Amino acid sequence: MSSKLKTPTIIPGFGFALGFTILYLTLIVIIPLSGLFIKTASMDFHTFFSTVTAPRVVSAYKISFGISLIAALINVFFGFIVAWVLVRYKLPFKKIFDAMIDLPFALPTAVAGIALSAIYSESGIIGSLFAHIGVKLSYNPAGIAIALIFVGLPFIVRTVEPVLQDLDRELEEAAASLGANRWQVFTKVIFPHIFPALLTGFAMAFARGLGEYGSVIFIAGNLPMVSEIVPLVIITKLEQYDYAGATAIAVTMLTGSFILLMIINFLQNFSTKARC
């Protein structure tokens, strides 16, 4: 009797790989997140509800979710244009521009915040120009949006770029030869292919914006009820040794973010299946 040989793989065995994956996710993700819920469970419901619905906290929710959403949407539009230019055109110093896209990944967030506040403040190079026409770009919600656009742009560009590279140009040429104008080629041929990638980049940029702290606090102004983000409220609670209150707000933020990301992932899977 001959035994059936298993297909050789790089990682030794499904059982080993699955066990390592579960162990790694448990140590890195599940246990730390479980600690938040366990610490929050020490509060009674009335205290929990009053903590997470305090006017200052609710205002921080609106600022964090609202501006993160706006920044991610802006990045979807401009990030697609940047990815299109990098893929479809030959530019001088193209590699330098391409490397600059990843700069927010490598740059410490505190350094990014200091640089942005220096440039966009009323005494900065760009901020002073807008200050002459009565527009203030720093120490207000606009400053938060600028910081989140800065840190979120690479997520859009790097998710759309490989999809554009793999898109067959012959499909566009065939559509044009059949009488389609440029707008029809984009909406009927290009956009359906890149839409799932745009959703993925949007979800990552949105999630990064919700949790961003270092690059925001230097340019936001951090005024309660005006430009105070949720991570700063959590840090304030921790500095006041209100650990239960900090974890309660963190759990609420985590739950809301998870629900939104689940909805975005559902839309992404739905659009992918619809395109297929």
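Remember, it's a predicted structure, so these values are computed and weren't measured experimentally.
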Item to check | Same cluster (ILVMFWY, side-chain, under 4.5 Å), M253 and Y243 | outcome: yes
Checklist entry - Looking only at heavy atoms, what is the nearest atom pair of I249 and I234, with distance? => result CG2-CG1, 3.9 Å
Checklist entry - Do the ring planes of F206 and F202 sit parallel (below 30°), tilted (30 to 60°) or perpendicular (above 60°)? => result parallel
Item to check | Partner residues of F191 under the side-chain contact (heavy atoms from CB on, under 4.5 Å) criterion, sequence neighbours left out | outcome: F186, I194, F195, L198
Item to check | Minimum-distance pair of heavy atoms, taken over all atoms of A147 and I219 | outcome: CB-CG2, 4.0 Å
Checklist entry - Are there more than 12 heavy atoms of other residues, nucleotides or ligands under 6.0 Å from atom CG of L178? => result yes
Next on the checklist: Are F48 and T252 packed together at the side-chain level, in the sense that at least one heavy-atom pair is separated by less than 4.5 angstrom?
Outcome noted: yes
Item to check | Nearest heavy atoms of S177 and A174, plus distance in Å | outcome: OG-O, 2.6 Å
Next on the checklist: Can you list everything that forms a side-chain hydrogen bond (donor to acceptor under 3.5 Å, both in side chains) with R158? Sequence neighbours excluded, please.
Outcome noted: D98, D102, E161
Item to check | More than 12 heavy atoms from other groups under 6.0 Å of CZ on F130 | outcome: no
Item to check | Qualifying salt bridge (Lys or Arg N to Asp or Glu O under 4.0 Å) pairs, either residue in residues 122-133, two or more places apart | outcome: none
Checklist outcome for this item: Residue pairs meeting side-chain hydrogen bond (donor to acceptor under 3.5 Å, both in side chains), one or both in residues 51-79, sequence neighbours left out, come to R56-E228
Checklist outcome for this item: Across all chains, not counting sequence neighbours, the side-chain contact (heavy atoms from CB on, under 4.5 Å) partners of A180 are A175, Q184, V185
Give the table of side-chain donor-acceptor pairs shorter than 3.5 Å for residues 15-22, with sequence neighbours excluded, one pair per line with atom names and distance.
from : atom 1 : to  : atom 2 : distance (Å)
T21  : OG1    : A17 : O      : 2.8

Item to check | Common cluster, L86/F78, ILVMFWY with side-chain heavy-atom separation under 4.5 Å | outcome: no
Checklist entry - Which residue pairs satisfy the salt bridge (Lys or Arg N to Asp or Glu O under 4.0 Å) criterion with at least one member in residues 190-214, sequence neighbours excluded? => result R208-E212
Checklist entry - Is it true that atom NZ of K94 has more than 12 heavy atoms of other residues, nucleotides or ligands lying nearer than 6.0 Å? => result yes
Checklist entry - Which atoms form the tightest heavy-atom contact between V226 and P141, and what is the distance? => result O-CG, 3.4 Å
Item to check | Any residue meeting ring pair (Phe, Tyr, Trp, His ring centres under 6.0 Å) with F155, in chain and number order, not counting sequence neighbours | outcome: F105
Checklist entry - Can you name the side-chain contact (heavy atoms from CB on, under 4.5 Å) partners of L33, sequence neighbours left out? => result V29, L36, L254
Checklist entry - Taking side chain as C-beta onward, heavy atoms only, is L153 less than 4.5 Å from P104? => result no
Item to check | Nearest heavy atoms of I156 and T159, plus distance in Å | outcome: O-OG1, 3.0 Å
Checklist entry - Which pairs pass salt bridge (Lys or Arg N to Asp or Glu O under 4.0 Å) with one or both residues in residues 239-260, sequence neighbours excluded? => result K237-D242
Checklist outcome for this item: So side-chain hydrogen bond (donor to acceptor under 3.5 Å, both in side chains) across residues 162-176, not counting sequence neighbours, yields R88-E172
Item to check | N/O donor-acceptor pair under 3.5 Å between S42 side chain and I38 backbone | outcome: no
Next on the checklist: Any non-hydrogen side-chain atom of S227 less than 4.5 Å from a side-chain atom of Y139?
Outcome noted: no
Item to check | Shared hydrophobic cluster for Y120 and L103 (ILVMFWY, side-chain gaps under 4.5 Å) | outcome: no
Item to check | Which atom of V58 lies closest to which atom of V52, heavy atoms considered | outcome: CG2-O, 4.2 Å
Checklist entry - side-chain contact (heavy atoms from CB on, under 4.5 Å) with I28: which residues, sequence neighbours excluded? => result Y24
